[in-house]
Amino acid sequence: MEKRVIIIDDEELIVDAVREILRSFDIHVDGFSDPEEGLNAAISNPYDLYLLDLRMPHLNGSEICQKILEVIPEAKVLIITAFPMDPLAIEAMEAGAIGLLKKPFEIAKIIAFLGM
Amino acid sequence: MKSNREYVEDNLLSEVDKILNSIDDSDNFSVDIDDFYADHDAKEIQLRNKMDELVLESVLKTNGHIELNISEDEMEVYATLYPGYEGGEAVSILMVESAIFEKKIFSGHRLNNIEKLIRDCNYNQKRIENILIIKGKVPIEEKSMYIEVDENLLQIQNFSIPENEIADFRKVNPFMYVKKGQQLALIHPVEKGAEGQTVFGRFVPFKVVKIKMLKPGKNIVKYKNGLCAECDGRFIIDDKTFYVSEILEIKGDVDYQTGNIDFSGDIVIHGEIHDGFEIFTGGSLYCKKTLDASVVETKKDIIVNNGIIGKMNGKIDCGGFLQTKFIENCTIKANGEIFVRTSIVNSQLFTQKRVKMSVKGMIIGGKTVARNGVFTGQLGSKMGPATEINGGIDFVIQHKLEWIRDKNITLVQELKKINHILENKDSQMEALELRRDNIRKGINKMNLLAKNIIVALDRNEEATITVTGMVYPGVYIEICHMSYIVNQEMSHVVFRLDKDRGCIIAEKIKQ
């Protein structure tokens, strides 16, 4: 069965790159550079993995993570950040994110978290 | 020695004398003749009974005799000697020879102990058990020619320290230097074999033993019955061969006087390696002082007595293990283990094995990627610089994946530009569409490559990060693809991957 991933990152390049790359692995990717739009999609549709950039305008990755986990407690959320010691990253991990993707991250880690 | 018959007769005569003597005494007695005969008859009966007893006793007397036992392989003959009892025949050489003849023992070497044994047996009246008296001829193995390396040269340490031991790096001497002309090994010629023979005269064939021979390699010459070093250098041995690796010795520093160095053998530098110089070697590098901001590439080991100071430009690529006092601002890749005595500061370290420090060692800042984990005294510091530790990962695979990722991002950028242009229906549409297709193919190719090598990325789930002292906030740990952020001070901990829970856990070090 095709795996489904959502990525919410204000950098469009990252969203496009991840979408293109994961397509080769037969992984369906929904990408959003608007955090609010992304959050709505995340809580409305089921995904196997949620990739959230940490620092975004209006709504940061930690807040989105907490909102997703409120609605879908079993959601597998990964936080994308260049600074693992960022207090928001720690906050997200404590809220229930399953791991960090330290920038620049390898697609291999996404594959590993999908259990493929 | 009297025979049994003689013994009996003597006893009898003695008894008769006694009786006759007693009869003589009767001259003084007046005895009724009837009574006399009655008495005489009684005495006769008594004598006869006594004689019967004596004869019976003589049957219980035994002659000495000998038993021979032959070993299963027919190579040894053991004798047990039984002495004669109560006047029985004593053991003799003739008896032994007869027994040997009867057993058809026609061969073998006679030990010189038999006469002494016989005397001991007869005079001391004791049984002598299972004494070796004859030995067969043991076959002599034939040995092929072989080379015996001087055992003093075999003391080269294979540098590795068990998990929880404190290393005294000063005791390590991984190099065995030899001088030109020094004998390194002895040549043992073929030793001819010889047939053996059992005590029955049967021939036993000899075994041919082929001894595994090390092949002498470069810079080894034959001299008389030995093998010698053809030049000064480092003695190297493995399970197949041994040779002398030429050494390039630089008495001073590596600087403008020496220039960059490119050498196939080992390099020993007595001074420092100055900022900006490059060293390439097919062997090992041993620097007695400090290694400054240089590019160093070795096929084998690197030992720097003082420290390595990269000044952000230093790049070291080590084919074997690396050992030094401290590392600062340097990028180091090593196939073997990395041993650092005091500190690793703001550096990028990558090893396929382990990073091992002394219990007072510290890793502050930078990134350390070690497939088999890290052992150190301190991680991070109170100042809180970001310190990243990755365990369980094959860095070579990781670097390949990073390269693929970068290429992908570039291709995707190009793809985006083309898509944007195509939306505007530019006149070069056909060419651009072709290019777009090629870019997509390029991305697919990169991802296929990534797919093929991705399975090798998580190499060691048993990797641990052991810290005997403090771990400070600001430390970020990954083991395989799992993360752990240290946000409070910890001490005496081991970080490891809990596969059941799918996360990294921190456990107190067991005392």
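Keep in mind it's a predicted model, so treat the numbers as computed, not measured. Below, all heavy atoms of this structure are taken into account, side chains as well, without hydrogens, waters or symmetry copies. Chain letters run A, B, ... following the sequence lines, proteins first, then strands; residues in each count from 1.
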- [ ] Taking all non-hydrogen atoms of both residues into account, name the closest pair between B:P473 and A:M85 and its distance.
- [x] C-CE, 4.3 Å

- [ ] Indicate the atoms forming the closest heavy-atom contact of A:F113 with B:M482, along with that distance.
- [x] CE2-SD, 3.8 Å

Open item on the list: Counting C-beta onward and ignoring hydrogens, is there a side-chain heavy-atom pair between A:L100 and B:I485 closer than 4.5 Å?
Closed with: yes

Open item on the list: Do A:E94 and B:N487 have side chains that approach each other closer than 4.5 Å (heavy atoms only, starting at C-beta)?
Closed with: yes

Open item on the list: If you count heavy-atom pairs within less than 4.5 Å of chain A, which of B:R405, B:Q413, B:E402 leads?
Closed with: B:R405

For atom [atom1] of [X], decide whether the heavy atoms of other residues, nucleotides or ligands shown that lie under 6.0 angstrom number more than 12.
| X | atom1 | answer |
| --- | --- | --- |
| B:Q488 | CD | no |
| B:K441 | NZ | no |
| B:K367 | NZ | yes |
| A:R4 | CZ | yes |
| B:K508 | NZ | yes |

Roughly how far, to the nearest 0.5 Å, is the [atom2] atom of [Y] from the [atom1] atom of [X]?
| X | Y | atom1 | atom2 | result |
| --- | --- | --- | --- | --- |
| A:D16 | B:N408 | CG | CG | 12.5 Å |
| B:L401 | A:K109 | CG | NZ | 10.5 Å |
| A:I110 | B:H481 | CD1 | NE2 | 12.0 Å |

Open item on the list: Could you check whether B:E388 pairs with A:K102 (Lys NZ or Arg NE/NH1/NH2 to Asp/Glu carboxylate O, under 4.0 Å)?
Closed with: yes

TODO: Sort B:I453 into side chain, backbone, both or neither according to what part of it lies under 4.5 angstrom from a heavy atom of chain A.
DONE: neither

- [ ] Check each atom of A:I98 against the heavy atoms of chain B and say whether the ones under 4.5 Å are side chain, backbone, both or neither.
- [x] backbone

TODO: Begin with the C-alpha distance, continue with both residues' side-chain angles, and end with the deciding distance and a verdict on salt bridge (Lys or Arg N to Asp or Glu O under 4.0 Å) for B:K416 and A:E12.
DONE: CA-CA 10 Å; B:K416 226 178 129 133; A:E12 275 190 45; 3.3 Å; yes

